[in-house]
Amino acid sequence: MTEIITCMPPHPHLNVGSSFFVLFCVCFAEEDSQADASSINVVLMGTLAKDFNQAVNQGDVVVASGFTVGKSPTVHKDKLHPCNLLMSGDNACIYVFRLPPPRDPTSPPAVKRGPAPSTEVSRPPKTQKYTYVGLGDLKTGSVVNVYGVVVFFKQPFKSRGTDFCSSLKITDQSNQKIGCTIFCDKLEDHPKIFKIGDIVRMHRVKTQFFNDSITLVNTFGFSVVTFDGAVGANVEPRTSSLSFHFDREDCRTVEELRSWAARQAVIPSVSTTPLSAVQPKAYFDLTCQLLAKAPIDTTCTLLRVWDGTRCPHTLLKVIVEPNVMVGPTSFSIDRENLIANILVYDNHVEFAQQLKPGDFLRIYNLRAIPGSSKVPGLTSSQSVEVDHLAFHLHGGTAFGRGIRVLPENSPDIQELKRTIKAFPEDDELNDSTLLEIWGTPPESLGDVTAESSTDSLRASERNCTHDIEPVTLSELKRSNLGRVHHVRAQLRSYKPHRLHQALKLYCSKCTSMQDIPDDELVAHLFLEASKESGPCSPPPWLLSGQIDAPRDNPGSLKQALTVHLSSQLVSENRTKELIFLMGSTLEETRQLVSGYQNIIPVRSSGGHLTLLDLSAPFLFRGRRKYYGCRRCSEPALRELCAEGVELIDETIIAKALGIQLLQYVLLMAFEVQDPTDTLEAFLWRDAKSFFGVSPEEVAASQEAQNCIHQTMDSLCPPGGSTGERPWLDLCLMASRTEDGGGQKQPCYQICHTAFTKPPSTHSDPEPA
DNA sequence: GTTTAGGCTTCG
């Protein structure tokens with residue numbers, strides 16, 4: 001009997017069309033002082049190799065029979081047993097046994113992937129049936145499995161002991177209401193209850209008698225799965241458990257409890273209140289999106305949220321230092337009117353620290369307090385308006401008070417997103433008014449283009465549909481903010497001059513912008529990661545192998561790099577599409593991009609395979625490198641489902657790895673002038689349409705970089721006089737932004753404008 | 001095979 005330590009696909013440089021497999025096994029039967037010889041290669045051919053690949057995971061125990069013993073041709077390279085086992089022919093047979101997961105030996109094996117039934121590859125049958133005790137039939141002093149509809153719950157809170165504690169009350173057809181207390185040190189092991197009416201299934205809870213009634217407390221081997229309680233909703237188990245049992249009968253139980261609960265009116269008709277329906281003095285639950293947050297003091301944190309509805313009452317304004325705000329410091333006036341400032345206190349502050357702008361939240365037992373109240377840390381003149389509604393999440397957990405992050409796919413969040421979608425995008429360089437104007441029908445399009453095309457001296461043209469007359473820069477500066485304007489101007493100067501300084505990485509989730517990490521730093525990260533590329537256990541869906549490292553020069557020694565491939569892709573002969581590469585330098589990784597469509601650098605960390613620090617690119621695709629947002633990503637090596645996916649690209653990979661993909665953006669400041677004034681305008685969102693190349697291309701291609709340089713040289717010839725500079729027809733968006741000191745100031749952004757061509761003749765100064 | 005909590009509004 002052998003245990004699999006590594007399962008390797010055909011050598012990626014070999015012909016992957018042939019169906020054979022190489023296994024590295026540990027033979028327990030051989031008691032042998034030579035460590036090298038305790039591992040032996042088993043070679044599988046044909047259908048056996050294919051079936052085996054589908055059935056096996058690392059750590060499985062296999063029994064092989066009907067093999068022939070041959071000389072291992074790779075003994076010098078892999079230093080394993082000098083012989084190998086050849087599994088071919090009719091007698092060859094290999095059995096796969098899955099060892100039960102060590103954490104929970106009583107639960108049935110995890111079934112993450114359907115086993116492939118085969119005469120040669122078989123598994124022991126898994127039979128475990130759970131029985132559930134009705135809540136009316138509980139007896140003291142027993143350990144049971146139960147189902148129930150949640151009628152009360154508290155989000156997990158820190159107990160005085162070592163664990164988090166969840167408190168809930170459940171009921172079922174017996175109408176008994178049973179209190180349950182769950183202690184677990186890990187938050188993810190707690191029930192994921194979002195609202196009253198959710199259905200929980202708990203395994204291994206013990207009954208206790210307390211205060212004249214039976215209560216349930218989790219005991220060894222406890223696990224819980226939660227379901228939405230709405231009749232007709234998908235029966236989708238909410239659990240972080242990798243291994244749980246779920247069959248048709250469970251599905252039926254959930255559906256029966258749902259319809260029973262609906263008939264009993266166990267679930268309140270209104271579970272959460274939109275901001276538009278909030279009543280002063282009332283307690284309510286709010287489903288919302290976090291836009292920004294700021295610590296106020298040690299006992300209080302401000303959460304700025306919205307749900308796309310407008311509260312009819314004047315809301316509390318809280319002034320905080322812009323430098324402590326996480327997320328945008330200001331919003332357009334339209335959006336500002338929809339934002340609720342929530343002050344969360346005491347025990348909720350710690351939880352609020354984990355929240356990220358963009359998160360979808362449910363805040364339980366929020367209080368709407370009318371009148372004025374003091375905000376800690378601020379003087380009364382700063383903090384409050386008279387006659388407003390303040391939202392407080394008081395300290396404590398009474399009445400289930402707390403905050404929960406809801407997954408984006410939950411039905412309530414889908415609905416919230418639809419409401420929010422009705423409002424225009426908004427960020428520090430954008431303005432909601434702009435989108436109203438974007439909605440203008442395009443009947444004026446002909447005029448605008450005709451006007452531009454008649455003038456051969458124009459180096460840019462507007463491609464917007466705004467029917468407005470151009471204004472001078474001095475007129476523009478006197479105009480209202482929050483609108484778009486058309487101007488004709490020349491480029492006086494621009495910054496930065498170095499393209500790599502203009503290229504940034506932008507996170508659309510938290511709206512942060514950062515510089516692209518320089519090569520030296522990235523190379524260092526690769527080097528550090530390669531030092532730790534010790535033994536590690538890759539997840540079972542990966543197959544491990546080795547490829548030759550690219551050589552620095554022809555004379556240097558050939559070195560091998562460890563790669564991991566998705567077993568699914570291997571089985572589909574798609575081995576060139578994605579590799580997880582370990583221990584390579586930045587330079588080696590770059591050289592390998594010609595051979596593999598997607599390269600994900602990985603490292604060994606504490607015996608596990610993980611991604612590199614997010615300061616390094618998480619993905620190499622040809623010349624393109626992709627980065628993830630450190631703030632918004634929750635990176636983890638997860639299986640990529642590529643079945644039916646024709647092109648594996650950065651979006652799919654980022655999603656699978658829990659990475660919030662950063663976009664390449666170009667950010668430039670143009671100083672433009674006309675005879676009346678000068679003005680600084682940013683080119684950012686519409687840089688792609690302006691230059692005709694995407695920032696992503698610019699980051700990866702010399703040609704695209706040259707294109708930008710040529711454009712800038714023709715708009716602003718080095719050493720040239722003002723008279724030689726072409727005129728630009730620009731569409732400018734004027735909005736308000738906040739500088740570092742909290743001062744509002746105008747911000748102009750170039751939009752809907754495309755560079756056309758350098759003018760061929762000398763131009764006369766243009767009348768405004 | 002040990003503890004924690006055992007709902008029940010609020011300092012702000």
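To find a chain, count down the sequence lines: A is the first, B the second, and so on, and within it residues start at 1.
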Measuring from the side chain of [X] (C-beta onward, heavy atoms only), which nucleotide among [options] has the closest atom?
X      : options              : answer
A:S159 : B:dT4, B:dG12, B:dG6 : B:dT4
A:T162 : B:dC11, B:dT3, B:dG7 : B:dT3
A:F183 : B:dG6, B:dT4, B:dG12 : B:dT4
A:F399 : B:dG7, B:dG12, B:dA5 : B:dG7
A:D163 : B:dC8, B:dT9, B:dT4  : B:dT4

Distance check needed: [N] [atom2] versus [X] [atom1], whole Å only.
X      : N     : atom1 : atom2 : result
A:K281 : B:dT9 : NZ    : C1'   : 15 Å
A:F209 : B:dG6 : CZ    : C1'   : 13 Å
A:Y283 : B:dT9 : OH    : P     : 9 Å
A:Q208 : B:dT4 : CD    : P     : 11 Å
A:F210 : B:dG7 : CZ    : C1'   : 12 Å
A:D346 : B:dT9 : CG    : C1'   : 13 Å
A:R367 : B:dT9 : CZ    : P     : 12 Å
A:D185 : B:dG1 : CG    : P     : 20 Å

| message | Whether A:R204 engages the ring of A:Y130 as a cation-pi pair (distance to the six-membered ring centre under 6.0 angstrom, angle to the ring normal within 45°) should be assessed. | response |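 Relative to the ring axis of A:Y130, which defines the angle, A:R204 lies outside at least one limit.
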| said: Can you confirm if the NZ or CZ of A:K421 lies within 45° of the ring axis of A:F423 and under 6.0 Å from the centre of its six-membered ring? | reply: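 No, a cation-pi geometry is absent between A:K421 and A:F423.
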| said: Can you check the distance between B:dG6 and B:dT10, where both ends of the measurement are the C1' atom (answer in whole Å)? | reply: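 So the two C1' atoms sit 22 Å from each other.
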| message | Please give the distance between the P atoms of B:dA5 and B:dG1 as a whole number of Å. | response |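 Comparing P positions in B:dA5 and B:dG1 gives a spacing of 24 Å.
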| said: Does A:G400 reach a base, just sugar-phosphate, or nothing at all? Heavy atoms under 4.0 Å. | reply: nothing
| field | Flag for A:K192-A:T226: side-chain donor and acceptor within less than 3.5 Å | value |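 Absent: no donor and acceptor within the cut-off.
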| Residue closer to the 5' end of DNA chain B, A:L393 versus A:F164 (nearest nucleotide) | A:F164
| remark: DNA chain B nearest-nucleotide lookup for A:F152 and A:F220: closer to the 5′ end is A:F220
| said: Looking at A:R160, I'd like to know whether one of its side-chain N or O atoms comes within less than 4.0 Å of OP1 or OP2 on B:dT3. | reply: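 False: A:R160 side-chain N/O out of range (4.0 Å or more) of B:dT3 OP1/OP2.
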| So, is A:K158 near the phosphate of B:dA5, with a side-chain N or O under 4.0 Å from OP1 or OP2? | no
| A:H203/A:Y132 aromatic ring centres below 6.0 Å |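 Centroid separation for A:H203 and A:Y132: below 6.0 Å.
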| request: For this output row, return yes or no: ring centroids of A:Y364 and A:F153 closer than 6.0 angstrom. | output: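 Aromatic pair counts; centres sit under 6.0 Å.
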| query | Which of parallel (below 30°), tilted (30 to 60°) and perpendicular (above 60°) describes A:H394 and A:Y345? | reply |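 Aromatic pair A:H394/A:Y345 classed parallel.
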| query | Do A:T207 and A:T215 touch side chain to side chain, with heavy atoms closer than 4.5 Å? | reply |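 No; the side chains remain at least 4.5 Å from each other.
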| query | Quick one: the side chain of A:R401 and the base of B:dT9, do they pair up donor-acceptor inside 3.5 Å? | reply |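 Answer yes: a donor N or O sits under 3.5 Å from an acceptor.
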| task | Determine, step by step, whether A:D250 and A:H245 satisfy the side-chain contact (heavy atoms from CB on, under 4.5 Å) criterion, reporting the C-alpha distance in whole Å, the side-chain angles of both residues, the deciding distance to 0.1 Å, and the verdict. | result | CA-CA 9 Å; A:D250 289 281; A:H245 178 97; 3.9 Å; yes
| Neighbours of DNA chain B within residues 168-175 of chain A, by heavy-atom distance under 4.0 Å |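 Heavy-atom cutoff 4.0 Å gives A:K169.
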